[in-house]
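First up is the structure itself, then whatever we jot down about it.
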Amino acid sequence: SQTIHQWPATLVQPVGSPLSLECTVEGTSNPNLYWYRQAAGRGLQLLFYSVGIGQISSEVPQNLSASRPQDRQFILSSKKLLLSDSGFYLCAWRSAAGAAVNTIYFGEGSWLTVV
Amino acid sequence: GQQVMQIPQYQHVQEGEDFTTYCNSSTTLSNIQWYKQRPGGHPVFLIQLVKSGEVKKQKRLTFQFGEAKKNSSLHITATQTTDVGTYFCAGSIQGAQKLVFGQGTRLTINP
């Protein structure tokens with residue numbers, strides 16, 4: 001069965017510090033990978049998605065970046081965090097083929113507080 | 001670009017009352033999905049609707065996909081405290097690599 005792991009689960013970072021959130025998927029090959037952000041009590045904002053190694057599409061201009069160094073690894077980074085970067089970050093994957101091709105499966109999320 | 005609007009944003013009900021959330025897309029969808037996010041948790045897939053006019057049931061939950069494949073609804077009969085959470089619809093158009101999520105409906109229940 002497929003699983004998705006995301007870490008760290010929570011972190012508190014000072015303004016101007018770097019960020020690295022990591023996500024890995026197991027049990028599938030060549031998944032589509034996604035990073036979403038959810039501000040407190042709000043909806044899901046798509047930040048980045050990737051259809052393959054090294055292929056990153058950015059949805060919202062910001063000081064965040066994403067990378068996919070391996071097929072099942074997706075990393076969200078920032079060189080200098082802003083207060084507005086606080087939120088709940090969710091990694092997600094979707095199968096590239098099969099009956100459930102459109103279903104997105106989310107990781108457990110990472111709570112980021114920038115202070 | 002493609003937009004998915006979801007209403008209401010919030011809904012508070014007494015336990016035992018029914019609840020409905022509605023989803024409308026600016027474009028025709030190839031399919032629509034529904035997710036539930038419990039407080040403090042991550043969204044979890046509930047169901048996918050593909051066919052025009054499709055209706056699916058999961059116990060007390062009834063999901064509908066409109067004839068024009070531009071709107072959908074989720075209806076919960078006789079809510080229970082375990083139904084608390086935020087319900088999201090998400091739609092995709094043919095060939096798209098991403099889902100577009102609605103803003104979600106946050107359901108709270110008075111026991």
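Letters go in sequence order (proteins before strands), and every chain restarts at 1.
With rounding to the nearest 0.5 Å, the separation of CZ in A:Phe88 from CD in B:Gln37 is 6.5 Å.
Taking the six-membered ring where the residue is Trp, the centroids of B:Phe101 and A:Tyr36 are separated by under 6.0 Å.
Counting heavy atoms of neighbouring residues, nucleotides and ligands inside a 6.0 Å radius, atom CZ of B:Phe45 exceeds 12 of them. Open room surrounds CZ on B:Arg106; 12 or fewer heavy atoms of other groups in view lie less than 6.0 Å from it. Under a cut-off of 6.0 angstrom, the local environment of CD in B:Gln58 is crowded, with over 12 non-hydrogen atoms contributed by other residues, nucleotides or ligands.
A:Tyr49 touches chain B through its side chain: at least one heavy atom from C-beta onward sits under 4.5 Å away, while N, CA, C and O do not. When heavy atoms are compared at a cutoff of 4.5 Å, A:Gln45 does not approach chain B at all. Looking at A:Leu44, both its backbone and its side chain come within 4.5 Å of chain B, counting heavy atoms on both sides.
Annotation for A:Leu90 and B:His42: closest pair CD2-CB, 3.7 Å, computed over non-hydrogen atoms.
In this structure, A:Val15 is a member of the same hydrophobic cluster as A:Leu21, with clusters built from ILVMFWY side-chain heavy atoms closer than 4.5 Å. Both A:Leu11 and A:Trp35 are members of a single hydrophobic cluster when ILVMFWY side chains are connected at heavy-atom separations under 4.5 Å.
A:Trp7 meets the ring-ring contact (aromatic ring centres under 6.0 Å, His included) test with no other residue; sequence neighbours excluded.
Between the side chain of B:Tyr35 and the backbone N or O of A:Ile104 there is at least one donor-acceptor pair closer than 3.5 Å.
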